[in-house]
Amino acid sequence: MKMTFRWFGSKDDSVTLRQIRQIPGVSGVVAMMADIPVGEVWPRERIAALKQEVNSAGLELEVIESVNIHDDIKTGAGGRDRYIENYKTTIKHLSEYGVKVICYNFMPVFDWTRSDLAQPLPDGSTALAYDQSKVDRIDPGHIAEAIASGSQGYSLPGWEPERMARLGELFASYRDIGEDDLAANLKYFLERIIPACEEYGVKMAIHPDDPPWAIFGLPRIVRHEQDLDRLLGLVDNPCNGITLCSGCMGANPNNNIPAIIRRFGKRIHFAHIRNIKIESPGNFHESSHLSCDGSLDIFEIIKAYHDINFNGYIRPDHGRMIWGETARPGYGLYDRALGIAYLNGLWEAVDKMTGKTSRV
Ligand code: CS2
Ligand code: MN
């Protein structure tokens, strides 16, 4: 495995490359370009400059999260072919600068959704939390403001203000789209981009829907094991793969994450590892990474990755806000660095228990 850390860029992140470089065992950052409008081509010069900046800090740039998918592709609207061509060009450009994996999601309208971006925990830290009854009371037309009010002024990934400004229109565009339509539109997209991925040596890794169930009456198709099975069959090619996000899928206790890792191992290109504490069905908060703080057994998750000889990329996912840090919700330095130290420790322990060193 290769340990990585998500980074939003020098203008848009409170965490610096220098700080990331000092976290033990981190080989590279997972970056993005939030200012490029969804659907447009990522220009070579921008990618070159980003790579140069990251490499000169002693880090690699092999994973991008996310190259977001235009809603016209998700709804199958008339403009989709142009956006798919642009996506293929972006894949080509990224490959020219050494990018190996692109993480994306296929969630209609919203990226991850939470009811609270700073829920206080008993130890004085704060965490992202989801309470279904609160979400049920939110008017979807006002969710963008509800989310923005807790976001410390950061534009959250997938919640771009220009898209949120036309929320009504976006909702309307999904009115006649059911789950099967959404899956057919994903297939249409994958059938066209996977040949380009093969040609350029880039793997696509879809992130599950977060939370992993339908919200606001919108269709969702990456929620559980059966969905992953369907997804991989849409285009049965190693370049059509998964970002397995433990804390995201694990919010549904029926999703057995170690079993999913063992089943789909070769098609998992990117692992997000974080823990969540399920308080009651549909309610959870994001705990520290430690197994005993949450509902997921992180040791068993690491063990499963180790058993399948996982050689993809790993990153800790969201962290709590601790030690007075102010940062983009979920993406401070301290708790994610603690998460890495813990994951490194588990990995080394399993390495030594099995006599099999598998760190790349
Ligand atoms: C989330 C998502 O897992 C996460 O970190 O914050 O924003 C995720 O990056 C996207 O859904 C991937 O496309
Ligand atoms: Mn994730």
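Whatever order the structure lists ligands and atoms in, that order sets their numbers, starting from 1. Please read all numbers here as calculations on a predicted model, not as lab measurements.
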* Do D111 and ligand 1 have an N or O pair less than 3.5 Å apart? -> yes

With a cut-off of 4.0 Å, which atoms of ligand 1 are near a heavy atom of [X]?
{"X": "R6", "value": "5 (O), 6 (O), 7 (O), 9 (O)"}
{"X": "H272", "value": "3 (O)"}
{"X": "S66", "value": "10 (C), 12 (C), 13 (O)"}
{"X": "N105", "value": "10 (C), 11 (O), 12 (C), 13 (O)"}
{"X": "C103", "value": "12 (C)"}

Can [X] and [Y] be counted as an ion pair, charged N to O under 4.0 angstrom?
{"X": "R267", "Y": "D236", "answer": "yes"}
{"X": "D71", "Y": "R166", "answer": "no"}
{"X": "R315", "Y": "D317", "answer": "yes"}
{"X": "D351", "Y": "K303", "answer": "no"}

* **Non-hydrogen atom of R114 closer than 4.0 Å to ligand 1** =>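 Flag not set, R114 not near ligand 1.
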
* Would you say F270 touches ligand 1, if touching means a heavy atom closer than 4.0 Å? -> no

* With the Mn ion (ligand 2) as the reference point, give the N/O/S atom of D317 that is nearest. => OD2

* Looking at H272, which of its N, O or S atoms is the nearest one to the Mn ion (ligand 2)? -> ND1

* Lys/Arg cation over aromatic Y97: R44, 6.0 Å, 45° cone ->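 Relative to the ring axis of Y97, which defines the angle, R44 lies outside at least one limit.
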
* Asked: Is there an N/O/S atom in H318 that lies less than 2.8 Å from the Mn ion (ligand 2)?
  -> no

* Indicate, as side chain, backbone, both or neither, the part of R274 found under 4.0 angstrom from ligand 1 when only non-hydrogen atoms are considered. =>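 Within the 4.0 Å criterion, R274 makes no contact with ligand 1.
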
* Asked: What part of D210 sits under 4.0 Å from ligand 1 if we count only heavy atoms: the side chain, the backbone, both or neither?
  -> neither

* To do: Establish, from distance only, whether the side-chain atoms of Y334 and S125 form a donor-acceptor pair under 3.5 Å.
  =>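 No - no donor-acceptor pair under 3.5 Å links their side chains.
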
* To do: Can you figure out which of M107, H318, H207 has its heavy atom closest to atom 3 (O) of ligand 1?
  =>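 Among M107, H318, H207, the closest heavy atom to atom 3 (O) of ligand 1 belongs to H207.
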
* Only heavy atoms count here, so choose which of Y104, F106, W112, F110 is nearest to atom 7 (O) of ligand 1. =>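 The residue whose heavy atom sits nearest atom 7 (O) of ligand 1 is W112.
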
* Structure fact -> Checking R320, Q119, R114 against E286 for side-chain hydrogen bond (donor to acceptor under 3.5 Å, both in side chains), the one that qualifies is R114

* To do: Indicate the ring-plane relationship of F216 and F171, choosing parallel, tilted or perpendicular according to the 30° and 60° boundaries.
  => perpendicular

* Asked: Would you call the rings of F270 and Y313 parallel, tilted or perpendicular, where under 30° means parallel and over 60° means perpendicular?
  -> perpendicular

* **Residues forming a side-chain contact (heavy atoms from CB on, under 4.5 Å) with A251, sequence neighbours excluded** =>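 Here the qualifying residues are P212, W213, I276, F284.
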
